[in-house]
Engineer: 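The structure's right below; bear with me while I get my questions together.
Both counts, for ligands and for their atoms, begin at 1 and track the order of listing.
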Amino acid sequence: MNETDRSEIYDVVVVGGGAAGLSAALVLGRARHRTLVVDAGEPRNAPSAHMQGYLTRDGMSPAEFLALGREEIARYGVELVRDRVTDVTSDEDFTVVLDSGGAVRTRRLVVATGLRDELPEVPGVAERFGRDVLHCPFCHGWEVRDEPFGVLASSAMSVHQALMVSQWSKDVTLFLHRVAEAELSDLDLRRLAAAGVDVVPGEVAGLVIEDDRLTGVRLADGTTHTRSVLFTGPRPVPRTGLLERLGAELDETPFGAYPVVDPTGLTTVPGVWAAGNAIGFSEQVVHAASGGYRAAAAIVGDLLMSRLDAAVNG
Ligand SMILES: Cc1cc2nc3c(=O)[nH]c(=O)nc-3n(C[C@H](O)[C@H](O)[C@H](O)COP(=O)(O)OP(=O)(O)OC[C@H]3O[C@@H](n4cnc5c(N)ncnc54)[C@H](O)[C@@H]3O)c2cc1C
């Protein structure tokens, strides 16, 4: 923890030190802004050993990626604390309240708090998440290609997931679990058949694990299906508490409520930007890093113009 005096106002406080927050902090530090990152240290992809699809970093561990990011922002004097922001209030600036006690003042705010994945309540699913229970074929599909896949339905939208993962394996079984077959449209059924996806009705009761590997899916009727990978669609729960507190407008989507933002990530609250999974469930690491960059660049311009305008207007 940096021992700098925090009673002085920061130019920017970044809430969240994942890819989005660290990327914003890097750009802000390099633009010579006094910047503080407050990070609770629970990045979304922590359950995974490897991060895929980020050019030049494909296969790196998420923990190493973030450790490198923290090293990079430190080079430019950005401070980072392991803490949680519990509240934010605004007057002409912002007061950011920390869980450990105390508060800091800042002129601008980046909310990069990510989201939480709420998994279906099937025994074993949470424990195996990020290993052989997966949510995203772009993240993990290549590594498990051609294996026998199961897809655990959480709603009729799981048909889309079953169709998508058939790009990575021709052996896919969709377990309808608590979704009634009648909820699937004719087009769904025809597409599933065209993709060669088997559809199995009935509730999933648990997973079969042998030698710390998924080997099957067990239904409530006692039958088991040999599968070594299970895809499922967790319910994304965006961390919008701070934005709501500030009065930011949110947009309800089938995947949660996200702040209304402009192309730079500026929310409807002047001075407050958002980036990464805080603005959308499908933001991958590369998008989150890019969103953080974009927000930071906009903030640099915004701070400069407000300083110049204050000088111009006396
Ligand atoms: C299992 C799994 C595997 C994945 N694999 C890949 C992959 O291979 N490739 C890929 O591109 N994407 C992958 N993703 C998606 C990836 O996790 C996200 O794209 C990425 O984490 C988004 O970055 P972020 O900075 O928005 O959020 P996060 O990485 O989640 O970081 C948010 C940070 O904010 C902190 N925070 C939250 N609230 C507060 C608060 N109030 N105060 C302080 N700090 C707070 C959190 O603790 C966390 O450290 C995967 C996701 C999962 C679930």
Side-chain angles (χ1 to χ4, degrees), residues 13-26 36-67 69-70 80-88 96-100 103-104 109-119 125-144 229-246 258-259 265 273-296:
V13 167
V14 178
V15 190
L22 291 178
S23 178
L26 179 63
L36 172 70
V37 179
V38 184
D39 182 34
E42 293 160 351
R44 183 179 172 209
N45 55 353
S48 275
H50 304 285
M51 178 189 91
Q52 310 292 159
Y54 192 120
L55 193 65
T56 78
R57 296 294 175 267
D58 187 50
M60 180 179 266
S61 90
E64 188 186 354
F65 178 76
L66 295 180
R70 289 192 290 267
L80 183 143
V81 288
R82 179 54 50 88
D83 209 330
R84 186 177 297 279
V85 173
T86 53
D87 197 9
V88 184
V96 176
V97 181
L98 304 177
D99 195 31
S100 62
V104 291
L109 196 69
V110 178
V111 176
T113 45
L115 61 77
R116 186 170 60 76
D117 290 288
E118 195 175 277
L119 289 157
V125 162
E127 290 80 354
R128 308 295 308 177
F129 187 52
R131 301 174 67 192
D132 32 31
V133 173
L134 307 171
H135 76 301
C136 160
F138 294 101
C139 307
H140 312 281
W142 173 266
E143 285 63 40
V144 296
V229 175
L230 185 65
F231 280 91
T232 192
R235 190 172 78 88
V237 184
R239 298 192 180 98
T240 49
L242 300 175
L243 290 166
E244 282 177 63
R245 182 85 176 86
L246 288 164
Y258 297 89
W273 273 258
N277 276 152
I279 66 158
F281 84 102
S282 62
E283 297 285 292
Q284 297 285 78
V285 180
V286 72
H287 305 124
S290 160
Y293 195 125
R294 226 188 297 267

Engineer: Does an N or O from Met51, backbone or side chain, lie closer than 3.5 Å to an N or O of ligand 1?
Structural biologist: no

Engineer: Quick test: of every protein heavy atom, which one is nearest to atom 31 (O) of ligand 1, and how far off is it to 0.1 Å?
Structural biologist: Gly18 CA, 3.5 Å

Engineer: May I ask you to identify the nearest protein heavy atom to atom 13 (C) of ligand 1, giving residue, atom name and distance to one decimal place in Å?
Structural biologist: Cys139 SG, 3.5 Å

Engineer: Identify the heavy atoms of Asn45 and Val285 that sit nearest to each other, and give their distance.
Structural biologist: ND2-CG2, 3.9 Å

Engineer: Nearest heavy atom to atom 8 (O) of ligand 1: which of Gln52, Arg82, Glu42 does it belong to?
Structural biologist: Gln52

Engineer: Indicate yes or no: does an N/O atom of Ala19 lie under 3.5 Å from an N/O atom of ligand 1?
Structural biologist: yes

Engineer: Nearest heavy atom to atom 33 (C) of ligand 1 wins, so pick from Val38, Val14, Asp39.
Structural biologist: Asp39

Engineer: Any side-chain donor paired with an acceptor under 3.5 Å for Asp83 and Ser100?
Structural biologist: yes

Engineer: Which atoms of ligand 1 are found less than 4.0 Å from any heavy atom of Glu283?
Structural biologist: 18 (C), 19 (O)

Engineer: Specify side chain, backbone, both or neither for Ala288, according to which of its non-hydrogen atoms lie closer than 4.0 Å to ligand 1.
Structural biologist: side chain

Engineer: Go through ligand 1 atom by atom and flag the ones less than 4.0 Å from a non-hydrogen atom of Gly41.
Structural biologist: 47 (O), 49 (O)

Engineer: Walk me through it: do His287 and Ser282 pass the test side chain to side chain contact (heavy atoms under 4.5 Å, CB included)?
Structural biologist: CA-CA 9 Å; His287 305 124; Ser282 62; over 6 Å; no

Engineer: Name the closest protein heavy atom to atom 15 (C) of ligand 1, giving the residue it belongs to and the distance to 0.1 Å.
Structural biologist: Gln284 OE1, 3.9 Å

Engineer: Quiz question: by atom type and distance under 3.5 Å, do the side chains of Gln52 and Asp58 form a donor-acceptor pair?
Structural biologist: yes

Engineer: For side chain to side chain contact (heavy atoms under 4.5 Å, CB included), just list the numbers for Arg84 and Glu42, CA-CA rounded to whole Å, side-chain angles, deciding distance to a tenth of an Å, and then say yes or no.
Structural biologist: CA-CA 10 Å; Arg84 186 177 297 279; Glu42 293 160 351; 3.1 Å; yes

Engineer: Which heavy atom of His135 sits nearest to which heavy atom of Pro137, and what is that distance?
Structural biologist: O-CD, 3.9 Å

Engineer: May I ask whether His135 has any heavy atom positioned less than 4.0 angstrom from an atom of ligand 1?
Structural biologist: yes

Engineer: Given the rule in the side chain to side chain contact (heavy atoms under 4.5 Å, CB included) test, do Asp87 and Arg245 qualify, once you have shown the distances and angles that lead to the verdict?
Structural biologist: CA-CA 8 Å; Asp87 197 9; Arg245 182 85 176 86; 2.6 Å; yes

Engineer: Enumerate the atoms of ligand 1 whose separation from the nearest heavy atom of Gly276 is less than 4.0 angstrom.
Structural biologist: 26 (O)

Engineer: Quick check: closest heavy atoms across Ala289 and Ser23, and the distance to 0.1 Å?
Structural biologist: O-OG, 2.6 Å

Engineer: Heavy atoms only, cut-off 4.0 Å: how does His287 contact ligand 1, side chain, backbone, both, or neither?
Structural biologist: neither

Engineer: Could you tell me the residue and atom name of the protein heavy atom closest to atom 34 (O) of ligand 1, and the distance to it rounded to 0.1 Å?
Structural biologist: Gly16 CA, 3.2 Å

Engineer: Between the main-chain N or O of Gly17 and the side-chain N or O of Asp39, is there a donor-acceptor pair closer than 3.5 Å?
Structural biologist: yes

Engineer: Going by heavy atoms, is Gly53 under 4.0 Å from ligand 1?
Structural biologist: no

Engineer: Does Ala40 reach ligand 1 with a nitrogen or oxygen that is under 3.5 Å from one of the ligand's nitrogen or oxygen atoms?
Structural biologist: yes

Engineer: Considering only non-hydrogen protein atoms, determine which one is nearest to atom 39 (C) of ligand 1 and report residue, atom name and distance to 0.1 Å.
Structural biologist: Thr113 CG2, 3.7 Å

Engineer: Mark up the atoms of ligand 1 that fall under 4.0 Å of a heavy atom belonging to His140, in ascending order.
Structural biologist: 3 (C)

Engineer: Which bit of Asn45 is near ligand 1, meaning a heavy atom under 4.0 Å away: side chain, backbone, both or neither?
Structural biologist: both

Engineer: In terms of side-chain geometry, is the basic nitrogen of Arg235 or Asp117 positioned less than 4.0 Å from the acidic oxygen of its partner?
Structural biologist: no

Engineer: In ligand 1, which numbered atoms sit nearer than 4.0 Å to a non-hydrogen atom of Arg84?
Structural biologist: 40 (C), 41 (N), 42 (N), 43 (C)

Engineer: Is the closest N or O pair between Val85 and ligand 1 shorter than 3.5 Å?
Structural biologist: yes

Engineer: Counting heavy atoms only, which part of Asp117 comes closer than 4.0 Å to ligand 1: side chain, backbone, both or neither?
Structural biologist: side chain

Engineer: Between Tyr54 and Phe65, is the ring centre distance below 6.0 Å?
Structural biologist: yes

Engineer: What pair of heavy atoms forms the shortest contact from Pro236 to Tyr258, and how long is it?
Structural biologist: CB-OH, 3.7 Å

Engineer: Any side-chain heavy atom of Cys136 sitting closer than 4.5 Å to one from Gln284?
Structural biologist: yes

Engineer: In sequence, state the C-alpha distance, the side-chain angles, and the governing distance for Val96 and Leu109, and then conclude on side chain to side chain contact (heavy atoms under 4.5 Å, CB included).
Structural biologist: CA-CA 9 Å; Val96 176; Leu109 196 69; 3.8 Å; yes

Engineer: May I ask you to check whether His140 and Phe231 place their ring centers less than 6.0 Å from one another?
Structural biologist: no

Engineer: Check whether any heavy atom of Asp99 sits under 4.0 Å from an atom of ligand 1.
Structural biologist: no

Engineer: Which heavy atom of Val111 sits nearest a heavy atom of Ala278, and at what distance?
Structural biologist: O-CB, 3.8 Å

Engineer: Is any side-chain heavy atom of Arg239 closer than 4.5 Å to one of Leu115?
Structural biologist: no

Engineer: Could an N or O of ligand 1 be found under 3.5 Å from any N or O of Arg239, whether backbone or side chain?
Structural biologist: no

Engineer: Counting from 1, what ligand 1 atoms have a heavy atom of Val15 closer than 4.0 Å?
Structural biologist: 40 (C), 42 (N), 43 (C)

Engineer: Just jot down the ligand 1 atoms closer than 4.0 angstrom to any heavy atom of Ala20, in number order.
Structural biologist: 25 (O), 26 (O)

Engineer: Is there a polar contact, in the sense of an N or O pair closer than 3.5 Å, between Arg44 and ligand 1?
Structural biologist: yes

Engineer: Among protein heavy atoms, which sits nearest to atom 27 (O) of ligand 1, and what does the distance come to when rounded to 0.1 Å?
Structural biologist: Gly114 CA, 3.7 Å

Engineer: Could you tell me whether the side chain of Leu134 reaches within less than 4.5 Å of the side chain of Val229, counting heavy atoms only?
Structural biologist: yes

Engineer: Can you find an N or O of Ser48 that's nearer than 3.5 Å to an N or O of ligand 1?
Structural biologist: no

Engineer: Output the list of atoms in ligand 1 that are nearer than 4.0 Å to some heavy atom of Asn277, sorted by atom number.
Structural biologist: 18 (C), 19 (O), 20 (C), 22 (C), 26 (O)

Engineer: Within less than 4.0 angstrom of ligand 1, does Phe129 place any heavy atom?
Structural biologist: yes

Engineer: N/O of Val285 under 3.5 Å from N/O of ligand 1, yes or no?
Structural biologist: yes

Engineer: Do Met60 and His50 come close enough that some side-chain heavy atom pair is under 4.5 Å?
Structural biologist: no

Engineer: Looking at ligand 1, does Ala112 have a heavy atom less than 4.0 Å from it?
Structural biologist: yes

